[in-house]
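Heads up, the thing below is written out as structure tokens.
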Amino acid sequence: MNNRLMQILRTHKELLLYVLFGCGTTLVSVGSFILFVEVFRIHSLIANVLSWILAVGFAYVTNRRWVFCSRAKGNAVWAELFAFYGGRLLTLGLEEVILLIFGFWLGISHSLVKLAAQFIVLASNYILSKFLIFRKK
């Protein structure tokens, strides 16, 4: 690779890794949501919570280890984990409102709304993670 591309990759490594693992988190979230709704016939708001639990577990591990390279130990890990899940609860609420408005009230496909909502959730989660949860001390 040329030097310019390497410089860009080094400069934006954190954001690029966040997007990469964010795509993985989205696949876990949307894939499990569709499985719960279409295969298991679970109500979409409940399916959304179940898919959220799976996706947040995946996101915490990847964000902590590879994206933000957290060095927290002991009780600090619990505080970080609590903050991570708390932040994700906020964006889950946002996502539930989006599903309610666009899926139920406006009648748009719940799976399509879920997929579109991921862009808003992804950006919100990055801001929370970078500036509140995994901020460098």
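Residues H43 and F104 bring their aromatic ring centres within 6.0 Å.
Closest heavy-atom contact between F102 and V113: CB-CG2, 3.7 Å. Among all heavy-atom pairs drawn from A47 and I42, the shortest one is N-CG2, 3.8 Å. For I34 against S111, the heavy-atom pair with the smallest separation is CG1-OG, 3.8 Å.
In this structure, L35 CG and F33 CZ are separated by 11.5 Å, a value rounded to the nearest 0.5 Å. Considering CG of N63 and CZ of F58, their distance stands at 9.0 Å, rounded to 0.5 Å. Here the straight-line distance linking atom CG of L9 with atom CG of L17 works out to 10.0 Å at 0.5 Å rounding. Expressed to the nearest 0.5 Å, how far CD of E95 lies from CG of L100 amounts to 12.5 Å. Annotation: the span from I133 atom CD1 to Y60 atom OH amounts to 9.5 Å, rounded to 0.5 Å. In this structure, CG on L122 lies 10.0 Å from CD1 on I127, to the nearest 0.5 angstrom.
Of the possible polar contacts, one joining the T91 side chain to the R88 backbone as a donor-acceptor pair under 3.5 Å is found. At distances below 3.5 Å, not a single donor-acceptor pair connects side-chain atoms of Y126 with backbone N or O atoms of Y18. At least one donor-acceptor pair under 3.5 Å links the side chain of R64 to the backbone N or O of A72.
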Let's go through L92 and N48 carefully: what are the C-alpha distance in whole Å and the side-chain angles of both, what is the deciding distance for side chain to side chain contact (heavy atoms under 4.5 Å, CB included) to 0.1 Å, and is it a yes or a no? CA-CA 9 Å; L92 172 65; N48 193 49; 3.6 Å; yes
Kindly indicate, with the supporting measurements, whether the criterion side chain to side chain contact (heavy atoms under 4.5 Å, CB included) is fulfilled by F36 and L54. CA-CA 12 Å; F36 292 142; L54 294 176; 4.1 Å; yes
Candidate pair V49 and L45, rule side chain to side chain contact (heavy atoms under 4.5 Å, CB included), full reasoning: CA-CA 7 Å; V49 172; L45 292 177; over 6 Å; no
For a quick test of your reading: what N or O donor-acceptor pairs under 3.5 Å do the side chains of residues 19-30 make, sequence neighbours left out?
{"unit_1": "T25", "atom_1": "OG1", "unit_2": "F21", "atom_2": "O", "d": "2.9"}
{"unit_1": "T26", "atom_1": "OG1", "unit_2": "G22", "atom_2": "O", "d": "2.8"}
{"unit_1": "S29", "atom_1": "OG", "unit_2": "K114", "atom_2": "NZ", "d": "2.9"}

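F131 and L81 fall into different hydrophobic clusters, defined by Ile, Leu, Val, Met, Phe, Trp and Tyr side-chain heavy atoms under 4.5 Å apart, directly or through other members. Linking ILVMFWY residues whenever their side-chain heavy atoms come closer than 4.5 Å, directly or via other members, leaves I98 and V37 in distinct clusters.
Classified by interplanar angle (parallel below 30°, tilted 30° to 60°, perpendicular above 60°), the ring pair F68/F134 is parallel.
Between S124 and L94 there is a side-chain heavy-atom pair separated by less than 4.5 Å.
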